Amino acid sequence: MELLDARNDFIFKKIFGSENNKDVLLAFLNSTFMESGEPPLTEIILMNPYTDKDAPAEKQSILDIKAKTAEGKRINIEMQLFNPYNMEKRTLFYWSEMYYHQIQKGDDYSQLKKCVTINILNYSCLPNDRHHNVFRLREDHTGIPLNNDLEIHVMELTKLEEQAVPLTGGLINWLLFLKGVEQPNWEVLTVNEPMLKKAMDTLEFLSQDAATRMEYDARMKYLRDEASRMNGAKAEGIAEGVATGEYKKAVEVAKNMLGIGLEVNVIAQVSGLSEQEILKLK
């Protein structure tokens, strides 16, 4: 049996975002927060739990996981199989929405609780070798926090080392599972992360379900098409930028040649501009 890809956001939400698997989500979050020096959570409340009605019929829906702690801290988890570009600005935008919508107009700002965004990326975007980066609001020179309400985790699966499967447990075991480490290594991953076994069992169960596979295929097609569209738009933008830059260089060359009194037809041959374009420059 070929396993479905847990990096597909539809499958990811089925594994981590259902009421039946809240314990799986809690274990994943505690492994995440342990790495960033925060106390473990004892309870988690799903704000948009996965149900069968959430099947990705609306292909453009964002299949993220929204949760909050007993103290009211908000957490948003999003899996990105393909690069949507502008990830940094996109992340801040969605974080600000989560923060803003906690209170109504006129409410006391003291009611605002900490909001945490966790982005799990199947591509590299940050200029370092760390697979788990944590961002907060800190003063440049002293490191003192403005406040602790903003916290953004960026996990890049492409930066994981797969040669040796760790025995220690922790977040890296979860990320290796998501990346698709081979099944013979699953048992090793669960030695110190027992709740991973439930995540793995869920993935195996989903992989055997015909309806889930159909929905998975539809979601993968949409994600691939969207990635292709984005890459095409980026390539087109780069090509347009190169063309614009080359034209500006040609204009600069033509202006310099006009300045020393060369003939228009000579300038046209050297710069690549038409004689009409050069005459306009005069």
Side-chain angles (χ1 to χ4, degrees), residues 5-9 12 16 28-38 62-65 74-99 114-166 168-181 189 223-224 226-246 248:
D5 191 338
R7 294 168 297 184
N8 175 294
D9 53 2
F12 179 81
F16 291 90
F28 169 76
L29 289 174
N30 281 335
S31 292
T32 298
F33 294 139
M34 181 175 67
E35 280 206 358
S36 56
E38 297 181 45
I62 297 173
L63 295 174
D64 57 353
I65 297 172
R74 263 64 170 179
I75 303 170
N76 181 259
I77 309 165
E78 191 172 337
M79 169 64 76
Q80 287 289 342
L81 183 57
F82 300 110
N83 189 349
Y85 299 108
N86 297 309
M87 188 278 293
E88 299 85 353
K89 291 181 182 294
R90 186 177 183 275
T91 296
L92 285 174
F93 180 80
Y94 285 119
W95 178 90
S96 65
E97 277 196 325
M98 181 167 49
Y99 194 65
K114 180 175 185 173
C115 289
V116 180
T117 292
I118 299 174
N119 284 332
I120 308 171
L121 311 178
N122 191 47
Y123 57 91
S124 298
C125 68
L126 298 176
N128 64 24
D129 295 327
R130 295 179 58 84
H131 64 265
H132 180 202
N133 291 272
V134 186
F135 297 90
R136 297 186 175 95
L137 287 173
R138 296 284 186 269
E139 199 280 326
D140 273 358
H141 303 287
T142 61
I144 62 171
L146 179 64
N147 66 34
N148 289 314
D149 285 2
L150 182 148
E151 183 173 316
I152 294 172
H153 295 251
V154 179
M155 303 174 186
E156 295 163 279
L157 301 179
T158 48
K159 293 178 179 176
L160 290 172
E161 293 289 340
E162 295 186 56
Q163 290 81 3
V165 176
T168 54
L171 178 63
I172 192 169
N173 290 40
W174 290 91
L175 297 181
L176 283 170
F177 161 67
L178 290 172
K179 187 174 181 179
V181 69
L189 290 178
L223 292 174
R224 288 193 185 104
E226 187 66 8
S228 178
R229 187 187 67 79
M230 294 290 288
N231 286 328
K234 184 185 179 188
E236 187 177 314
I238 290 172
E240 186 177 319
V242 168
T244 301
E246 289 177 348
K248 286 181 178 179

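Fair warning: this is a prediction, and the values are worked out from it, not measured in the lab. Here, residue 1 is the first one in the sequence, and each next residue gets the next number.
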Distance in Å, [X] [atom1] paired with [Y] [atom2], rounded so as to fall on 0.5 Å steps:
X	Y	atom1	atom2	answer
N133	E35	CG	CD	10.5 Å
R7	L175	CZ	CG	12.0 Å
E151	D149	CD	CG	10.5 Å
H131	T158	NE2	OG1	11.0 Å
L178	F12	CG	CZ	6.0 Å
L176	L171	CG	CG	9.5 Å

Salt bridge (Lys or Arg N to Asp or Glu O under 4.0 Å) between E38 and R136, intermediate numbers included: CA-CA 13 Å; E38 297 181 45; R136 297 186 175 95; 3.1 Å; yes
Taking all heavy atoms of [X] and all of [Y], pick out the closest pair and write down the distance.
X	Y	value
R138	N148	NH1-OD1, 3.7 Å
I77	I75	CG1-CG2, 4.1 Å
E156	C125	OE2-N, 2.6 Å
K179	L160	NZ-O, 3.8 Å

According to ring-ring contact (aromatic ring centres under 6.0 Å, His included), who are the partners of H132, at least two apart in sequence or on a separate chain? H153
Is it true that a side-chain atom of W95 and a backbone atom of C115 form a donor plus acceptor pair closer than 3.5 Å? yes
Taking N173 for its side chain and L189 for its backbone only, find out whether a donor-acceptor pair lies under 3.5 Å. yes
With side chain to side chain contact (heavy atoms under 4.5 Å, CB included) as the test, would you mind laying out the steps for K159 and N128 before giving the verdict? CA-CA 9 Å; K159 293 178 179 176; N128 64 24; 3.2 Å; yes
[Y] side chain reached by [X] side chain, heavy atoms, under 4.5 Å:
X	Y	result
R90	Q80	yes
N8	L63	no
F33	V116	yes
L157	I120	yes

Among residues at least two apart in sequence or on other chains, which ones pass side-chain hydrogen bond (donor to acceptor under 3.5 Å, both in side chains) with N86?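 If we apply the side-chain hydrogen bond (donor to acceptor under 3.5 Å, both in side chains) test to N86, skipping adjacent residues, there are no hits.
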Intermediate values then yes/no, side chain to side chain contact (heavy atoms under 4.5 Å, CB included), W174 and F16: CA-CA 11 Å; W174 290 91; F16 291 90; 3.7 Å; yes
For N147, does the CG atom have more than 12 heavy-atom neighbours from other residues, nucleotides or ligands under 6.0 Å away?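 Counting other residues, nucleotides and ligands, CG of N147 exceeds 12 neighbours.
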Go through the structure and list residues passing side chain to side chain contact (heavy atoms under 4.5 Å, CB included) with N119, not counting sequence neighbours.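 Result, side chain to side chain contact (heavy atoms under 4.5 Å, CB included) vs N119: E78, M87, T91, T117, L121.
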